[in-house]
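Atom set for the values below is all heavy atoms of this structure, side chains included, hydrogens, waters and symmetry mates excluded. Bear in mind that the values here come from a model prediction, so they are computed numbers and not experimental data.
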Amino acid sequence: MELEDINTVAVLGAGNMGHGIAEVAALAGYDVTMRDIKEEFVQNGYDQIEWSLGKLAEKDQISEDAADDALDRISPLVDVEEAVGDADVVIEAVPEKMDIKKEVYGEVEEHAPDRAIFATNTSSLSVTELSEVTDRPEQFCGMHFFNPPVRMQLVEVISGAHSSEETLEVVEELAESMDKTPVRVHKDEPGFIVNRILVPLMNEAAWLVHEGESTVAEVDSTTKFGMGLPMGTFELGDQVGNDVSYHVLEYMHEVLGDAYEPCPLLAEKVDEGHLGKKTGKGFYDYEDGPGAEIPTDQQSELVEGRLLASMANEIAKLIGGDVATPESIDEAVMLGAGFPDGPVKLVDEYGLDELLETLEDAREETGHDRYAPADYLEERAGEGGFREASSGDAEAGTDFEAIRVEYPGDKVGHVVVDRPHRMNTISNDVLSELSEAVDLLEADDDVRAILLTGEGDRAFSAGADVQSMAAGGGDPLEAVELSKEGQQTFGKLEACDMPVVAGIDGYCLGGGMELATCADIRVASERSELGQPELNLGLIPGWGGTQRLKHIVGEGRAKEIILTAERYDAETMEDYGFVNEVTENDALLERAHELAADLAAGPPIAHRFTKRAMLAGRDDTDAGLELEAAAFGHLMGTEDLMEGLTAFMGDGEPEFEGK
């Protein structure tokens with residue numbers, strides 16, 4: 001089957017995951033049948049889809065017509081034969097119980113066409129075992145969406161023992177057609193990638209508290225503010241549902257052995273019905289208490305070491321067992337769990353030697369199998385980390401992680417802030433890599449203009465990655481250094497000798513707007529929102545925003561933008577003079593590249609001196625005029641001038657060579 005052969009998608013289950021998947025499929029243009037065992041269940045799912053589509057339209061993320069069309073494509077059904085009888089793909093999203101899923105597949109097999117691909121949305125159960133209930137195990141794989149499917153970008157595509165490569169490739173293409181990012185899981189292992197990292201992490205946190213080595217406050221303070229993860233570990237457990245984590249652990253324990261023995265503390269929470277937010281109480285109290293109030297100053301080196309050691313061990317099992325590559329692990333966990341950096345990067349930077357020693361010491365103290373080091377961890381410790389083993393022959397200095405540098409032609413170097421899982425927020429890594437990218441492009445004789453964009457259409461950059469930067473514990477001296485680092489990097493971009501065009505699509509806020517301020521020309525899509533909201537956080541723009549913005553829009557407008565901390569649409573910012581041009585949403589990238597290419601075709605020496613003169617004269621007109629005069633004299637002796645005059649006299653187009 002090819003992607004173009006897929007017209008109808010059947011979704012089995014109308015709960016949170018089921019109706020979310022159905023909505024995503026309908027928005028992608030597929031006809032969808034959504035089935036559940038009772039009319040009230042399927043109608044409730046349909047109502048939830050209608051509400052969600054309405055919200056998307058209300059927020060201008062889709063049009064009213066698109067919302068209506070998507071809803072029209074969905075047929076809520078109870079009859080199995082009617083639901084799957086003409087389906088090209090069947091996505092099962094029924095409760096996470098092996099016997100329930102097997103019963104469903106036995107029934108569906110009777111009615112689905114022979115051509116139909118079956119995909120299970122299981123988060124941890126064996127894809128292979130489920131496929132063997134059917135007569136088409138080679139047309140069966142895992143297609144694990146994350147909750148809520150409408151918002152979450154990741155889809156884990158899991159190969160069962162019998163899954164054909166053709167099936168896996170088509171399902172990956174199907175996920176991409178739904179505007180999702182598929183990540184391949186090459187082997188059917190419990191937990192796949194994201195849950196295989198997160199669930200043992202939550203279990204280890206529970207063991208630390210259960211055995212009196214730490215407190216809930218210390219664990220969550222360490223993970224949220226020490227390690228810079230999106231949530232405290234127990235906060236995350238309450239969000240997911242402590243029963244969900246516990247049942248995944250039970251399955252891992254059953255299949256993988258005693259290393260995954262659920263902590264008694266977790267079992268106790270489940271027995272008491274303290275499942276987290278959904279029951280009003282978990283490790284935190286959400287009804288009578290303030291919820292997850294996590295202290296910023298109770299970080300523990302013991303906790304960080306143990307949790308990272310647990311993470312490193314699971315990573316080693318995934319890589320060493322050919323389940324997933326280091327790159328896939330990092331991408332999946334950043335997209336599926338919101339980590340600011342991938343777990344492979346985290347443990348590599350901490351040091352595998354030290355984490356291996358942490359495991360060995362803990363096993364000697366406790367005798368527990370969860371601390372038994374994986375063979376591949378022992379192999380990689382001392383050898384440069386997991387990523388170095390897979391880095392191949394990447395050229396030093398150009399192997400970026402937080403950004404991409406591309407060469408789309410027309411003498412344009414394209415820098416992409418590549419953190420869509422974090423709305424392209426600016427982290428320490430973005431700052432250092434952006435600085436390196438400017439040096440790289442300035443040294444390239446074939447590049448004469450820089451185009452700067454953010455990955456995807458949701459955000460150019462939504463600002464500073466406050467979460468990862470909060471890992472510094474809020475130290476004022478570290479904050480000063482961070483501000484200076486950002487000022488220097490952005491200043492380097494602003495002062496580079498080439499013209500810089502910023503293509504703004506989506507959110508351009510805070511540090512993101514400060515980054516755009518350093519460009520020479522800014523073009524924005526109609527859906528873009530811009531602003532400096534730092535004062536709402538009790539901060540000020542810290543990467544040059546208080547100084548640069550006034551030179552573009554005037555001091556009065558700059559004060560308005562910064563002091564009100566309001567968000568502005570693209571047309572308003574065009575009126576203010578910050579945005580040079582507003583384009584239709586779909587035309588943004590093409591138009592931004594066109595502008596950069598036009599500038600790249602211009603005289604590079606004149607560009608260089610023009611930018612230098614304007615920058616020098618910003619606060620000292622006399623200095624600017626002096627530099628302008630010197631530059632004018634220098635340019636009179638260049639070959640570019642003669643080329644320009646000759647072309648002008650002959651009514652042709654000059655071809656400047658920078659000589």
Check against side-chain contact (heavy atoms from CB on, under 4.5 Å), V84 and L12: CA-CA 9 Å; V84 305; L12 307 179; 3.9 Å; yes
With a 4.5 Å heavy-atom cut-off, do [X] and [Y] have their side chains touching?
| X | Y | result |
| --- | --- | --- |
| K102 | L130 | yes |
| D135 | F140 | no |
| D88 | Y30 | no |
| R306 | Y371 | yes |
| E204 | M311 | no |
| H144 | N195 | yes |
| L356 | L352 | no |
| F192 | V127 | yes |

Kindly compute the distance separating [atom1] ([X]) from [atom2] ([Y]), expressed to the nearest 0.5 Å.
| X | Y | atom1 | atom2 | answer |
| --- | --- | --- | --- | --- |
| I329 | F339 | CD1 | CZ | 12.5 Å |
| F386 | R380 | CZ | CZ | 8.5 Å |
| L265 | L208 | CG | CG | 11.0 Å |
| Y251 | L125 | OH | CG | 5.5 Å |
| Y350 | L346 | OH | CG | 12.0 Å |
| H19 | E50 | NE2 | CD | 13.0 Å |

Looking only at heavy atoms, what is the nearest atom pair of [X] and [Y], with distance?
| X | Y | result |
| --- | --- | --- |
| V255 | P190 | CG1-CG, 3.7 Å |
| M143 | N121 | O-OD1, 3.2 Å |
| I193 | A332 | CG2-CB, 3.7 Å |
| A83 | A87 | O-CB, 4.5 Å |
| M34 | I74 | CB-CG2, 4.5 Å |
| V240 | S245 | CG1-OG, 4.3 Å |

Between [X] and [Y], is there a donor-acceptor pair closer than 3.5 Å when you use the side chain of the first and the backbone of the second?
| X | Y | value |
| --- | --- | --- |
| R422 | G338 | yes |
| T167 | E138 | yes |
| S214 | V209 | no |
| N7 | D31 | no |
| D36 | K38 | no |
| E132 | P137 | no |
| Q48 | N16 | no |
| T223 | T233 | yes |

Quiz item: cation-pi between K180 and F145, 6.0 Å / 45°: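 Not flagged: K180 not positioned over aromatic ring of F145.
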[X] and [Y] ion-paired at < 4.0 Å:
| X | Y | answer |
| --- | --- | --- |
| R196 | E156 | no |
| K55 | E58 | yes |
| R419 | D465 | yes |
| E455 | R404 | yes |
| E109 | R136 | yes |
| E165 | R184 | yes |

side-chain contact (heavy atoms from CB on, under 4.5 Å) evaluation trace for L355 with L377: CA-CA 9 Å; L355 295 175; L377 177 58; 5.7 Å; no
Test log, rule side-chain hydrogen bond (donor to acceptor under 3.5 Å, both in side chains), inputs N44 and E40: CA-CA 6 Å; N44 181 64; E40 62 186 279; over 6 Å; no
Working for side-chain contact (heavy atoms from CB on, under 4.5 Å), residues D322 and H186: CA-CA 7 Å; D322 296 323; H186 296 281; 5.8 Å; no
Test side chain to side chain donor-acceptor pair (under 3.5 Å) applied to K278 and D243, N242, D238, the passing residue: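 Per the side chain to side chain donor-acceptor pair (under 3.5 Å) rule, the option paired with K278 is D243, out of D243, N242, D238.
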Reference residue E261; test side chain to side chain donor-acceptor pair (under 3.5 Å); the match among H253, R370, H368: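 So the option named by the test is H368.
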Under 3.5 Å, is there a donor-acceptor pair between the [X] and [Y] side chains?
| X | Y | value |
| --- | --- | --- |
| E23 | S52 | yes |
| T120 | E92 | yes |
| E96 | T122 | yes |
| T128 | D188 | yes |

Residue pair V9, I21: steps toward the side-chain contact (heavy atoms from CB on, under 4.5 Å) verdict: CA-CA 10 Å; V9 175; I21 295 168; 5.9 Å; no
Contacts of type ring-ring contact (aromatic ring centres under 6.0 Å, His included), residue H421, not counting sequence neighbours: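 With neighbours one apart ignored, the set is empty.
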